[in-house]
**Student:** 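Below: one structure in structure tokens.
Keep in mind that what you see is a predicted model, and the values were worked out from it rather than measured. We count residues from 1, following the sequence as given.
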Amino acid sequence: MAEFTLHLEAWAHESPIPDRYAFGTLDENSAFALSENISPALRWEHAPEGTQSFAIVLVDPDVPSSGEDVNKEGREVSETLPRVDFFHWLVANLPADSTGLEEGVAAKGVTPRGKPTGKVDYGTVGANNYTQWFAGDADMEGVYGGYDGPCPPWNDRLVHRYVLTVYALGAANVELPENFDGPALLEAIKPHVLASASHMGTYTMNASLR
């Protein structure tokens with residue numbers, strides 16, 4: 001039987017992610033600017049027998065564990081600093097007959113204060129980590145559902161990786177709390193995973209590394 005496979009044409013595996021799929025970018029003066037923030041098209045095939053639903057997780061495992069130096073003039077975030085996960089896209093309960101998602105279905109631009117979580121046409125959407133990142137920001141605070149793309153610190157010496165994984169599950173419906181986060185989704189699907197397929201891209205907003 002053919003192996004479960006994920007296809008993503010927006011960027012090649014292990015290659016830089018184009019700015020249009022990012023939350024943040026650099027303008028002509030190398031200053032921060034909001035980007036197009038478009039969710040990429042996905043396609044998968046050869047789901048194993050017994051697949052009853054799918055889940056999608058996009059995570060950056062390279063986020064600084066300390067914000068002390070993040071985005072501060074005259075400082076750099078060292079590449080040796082310990083890193084933590086930042087989840088950018090969480091979807092559960094995609095139907096068993098799903099074979100992919102069209103570009104832009106989960107985001108077409110930056111939405112200040114976030115986008116809804118919960119049931120959508122294609123599945124059940126969780127809250128990405130911009131929910132925590134913008135907490136306390138009068139202009140941006142809110143619950144960020146759906147896709148929101150890369151926006152690593154502009155002074156980070158480490159080029160970030162973004163790992164998008166589609167899971168084929170042996171359960172038709174995974175019970176999840178309202179506004180579920182990445183760890184909650186991964187824990188809920190763990191007993192049901194039949195197969196998974198991943199695609200990785202890279203992104204940096206450090207002008208010296210672009």
Side-chain angles (χ1 to χ4, degrees), residues 1-26 30 32-48 54-65 70-71 76-91 94 98-108 110 126 128-130 133 146-169 182-183 185-186 189-190 193-210:
M1 183 176 177
E3 183 178 2
F4 182 46
T5 306
L6 170 62
H7 301 278
L8 195 155
E9 297 181 358
W11 58 85
H13 181 55
E14 299 183 345
S15 296
I17 297 172
D19 283 351
R20 70 191 306 262
Y21 302 104
F23 190 97
T25 185
L26 301 178
S30 296
F32 171 80
L34 293 176
S35 195
E36 296 178 63
N37 197 46
I38 297 172
S39 61
L42 311 178
R43 181 172 60 86
W44 53 85
E45 59 183 349
H46 308 308
F54 299 92
I56 297 171
V57 174
L58 174 60
V59 61
D60 171 4
D62 296 321
V63 169
S65 56
V70 167
N71 294 339
E76 288 186 332
V77 179
S78 170
E79 58 266 61
T80 62
L81 182 73
R83 304 289 166 147
V84 297
D85 291 339
F86 187 107
F87 292 90
H88 287 262
W89 195 9
L90 303 166
V91 189
L94 290 97
S98 302
T99 57
L101 293 176
E102 296 180 359
E103 182 172 286
V105 72
K108 290 181 179 177
V110 172
N128 66 55
N129 280 129
Y130 283 105
W133 177 255
Y147 174 91
D148 284 300
C151 189
W154 51 259
N155 63 341
D156 199 339
R157 293 300 306 169
L158 184 69
V159 175
H160 288 215
R161 298 164 294 164
Y162 296 82
V163 183
L164 199 157
T165 303
V166 176
Y167 297 89
L169 307 178
L185 176 57
L186 292 174
I189 69 174
K190 188 187 300 184
V193 175
L194 303 177
S196 64
S198 296
H199 189 95
M200 190 268 280
T202 63
Y203 197 73
T204 180
M205 286 176 50
N206 187 325
S208 69
L209 300 176
R210 285 168 73 92

**Student:** Would you give me the side-chain donor-acceptor pairs under 3.5 Å for residues 8-15, sequence neighbours excluded?
**Tutor:**
from, atom 1, to, atom 2, distance (Å)
His13, ND1, Met200, N, 3.1

**Student:** Among residues at least two apart in sequence or on other chains, which ones pass ring-ring contact (aromatic ring centres under 6.0 Å, His included) with Phe87?
**Tutor:**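 Testing Phe87 for ring-ring contact (aromatic ring centres under 6.0 Å, His included), a comparison that skips the adjacent residues, returns none.
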**Student:** Answer with yes or no after comparing the ring centroid distance for Tyr130 and His88 against a 6.0 Å cut-off, counting only values under it.
**Tutor:**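 Yes: the rings meet the under 6.0 Å criterion.
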**Student:** Give, for atom OH of Tyr21 and atom CG of Leu58, the distance between the pair rounded to the nearest 0.5 Å.
**Tutor:**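 Tyr21 atom OH to Leu58 atom CG measures 13.5 Å (nearest 0.5 Å).
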**Student:** Enumerate the salt bridge (charged side-chain N to carboxylate O under 4.0 Å, His left out) contacts for residues 193-210, please, sequence neighbours excluded, ordered by first and then second residue.
**Tutor:**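 Non-adjacent pairs meeting salt bridge (charged side-chain N to carboxylate O under 4.0 Å, His left out): Asp19-Arg210.
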**Student:** Show, in sequence, the C-alpha distance, side-chain angles and deciding distance for Ile56 and Leu164, and conclude whether the side-chain contact (heavy atoms from CB on, under 4.5 Å) test is met.
**Tutor:** CA-CA 7 Å; Ile56 297 171; Leu164 199 157; 4.1 Å; yes
**Student:** Between Leu194 and Leu169, does a side-chain contact (heavy atoms from CB on, under 4.5 Å) hold up when you go through it step by step?
**Tutor:** CA-CA 5 Å; Leu194 303 177; Leu169 307 178; 5.9 Å; no
**Student:** Kindly compute the distance separating NE2 (His7) from CZ (Arg43), expressed to the nearest 0.5 Å.
**Tutor:**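 Those atoms lie 4.5 Å apart.
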**Student:** If you take all heavy atoms of Asn37 and Gly149, which pair is closest and at what distance?
**Tutor:**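 Looks like OD1-N, 2.8 Å.
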**Student:** Can Thr25 and Ser35 be counted as having a side-chain donor-acceptor contact under 3.5 angstrom?
**Tutor:**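 Note: Thr25 and Ser35 side chains miss the donor-acceptor criterion.
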**Student:** Could you list the residues that satisfy ring-ring contact (aromatic ring centres under 6.0 Å, His included) with Tyr203, not counting sequence neighbours?
**Tutor:**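 Applying ring-ring contact (aromatic ring centres under 6.0 Å, His included) to Tyr203 gives none.
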**Student:** With Ala106, which residues qualify under side chain to side chain contact (heavy atoms under 4.5 Å, CB included), at least two apart?
**Tutor:**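 Listed in chain order: Ser39, Trp89, Tyr122, Tyr147.
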**Student:** How far does OG1 of Thr99 sit from CH2 of Trp44, to the nearest 0.5 angstrom?
**Tutor:**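 One finds 7.0 Å between OG1 of Thr99 and CH2 of Trp44.
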**Student:** Say you draw a straight line from SG of Cys151 to CG of Leu34; how long is it, rounded to the nearest 0.5 Å?
**Tutor:**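 Atom-to-atom, Cys151:SG and Leu34:CG are 7.5 Å apart.
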**Student:** Could you list the donor-acceptor pairs under 3.5 angstrom formed by side chains in residues 153-161, with sequence neighbours left out?
**Tutor:**
from, atom 1, to, atom 2, distance (Å)
Trp154, NE1, Asn71, OD1, 3.3
Asn155, OD1, Asn71, N, 2.9
Asn155, ND2, Asp69, O, 2.7
Asn155, ND2, Arg75, O, 3.1
Asp156, OD1, Arg83, NH1, 3.3
Asp156, OD1, Arg83, NH2, 3.0
Asp156, OD1, Leu158, N, 3.0
Asp156, OD2, Arg83, NH1, 2.7
Asp156, OD2, His160, NE2, 2.6
Arg157, NH1, Ser208, OG, 3.1
His160, ND1, Asp60, OD1, 3.4
His160, ND1, Asp60, OD2, 2.7
His160, NE2, Asp62, O, 3.3
Arg161, NE, Asp62, OD2, 2.9
Arg161, NH2, Asp62, OD1, 2.8

**Student:** Tyr167 and Ser196: which non-hydrogen atoms are nearest, and at how many Å?
**Tutor:**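 Distance-wise, the nearest heavy atoms are CD2-CB, 3.7 Å.
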**Student:** For the residue pair Asp85 and Val63, establish whether any side-chain heavy-atom pair is separated by less than 4.5 Å.
**Tutor:**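 Of all side-chain heavy-atom pairs linking Val63 with Asp85, none is under 4.5 Å.
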**Student:** Which heavy atom in Asn206 sits nearest to a heavy atom in Thr204, and how many Å separate them?
**Tutor:**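 Smallest heavy-atom distance, with atoms named: N-OG1, 3.0 Å.
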**Student:** Looking at CG of Asp148 and CG of Asn128, how far apart are the two atoms once the value is rounded to the nearest 0.5 Å?
**Tutor:**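 That separation rounds to 4.5 Å.
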**Student:** With a 4.5 Å heavy-atom cut-off, do Glu103 and Arg20 have their side chains touching?
**Tutor:**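 Of all side-chain heavy-atom pairs linking Arg20 with Glu103, at least one is under 4.5 Å.
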**Student:** Closest heavy-atom contact between Ala197 and Phe4?
**Tutor:**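 Ala197 and Phe4 have their closest heavy atoms at CB-O, 3.8 Å.
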**Student:** Pair Thr202, Ile17 - check side-chain contact (heavy atoms from CB on, under 4.5 Å), show working.
**Tutor:** CA-CA 6 Å; Thr202 63; Ile17 297 172; 5.9 Å; no
**Student:** What's the separation between atom CG in Leu42 and atom CD in Glu102, rounded to the nearest 0.5 Å?
**Tutor:**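 One gets 11.0 Å once the value is rounded to the nearest 0.5 Å.
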**Student:** Under 3.5 Å, is there a donor-acceptor pair between the side chain of Thr80 and the main chain of Ser78?
**Tutor:**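 Looks like no, no N/O pair under 3.5 Å.
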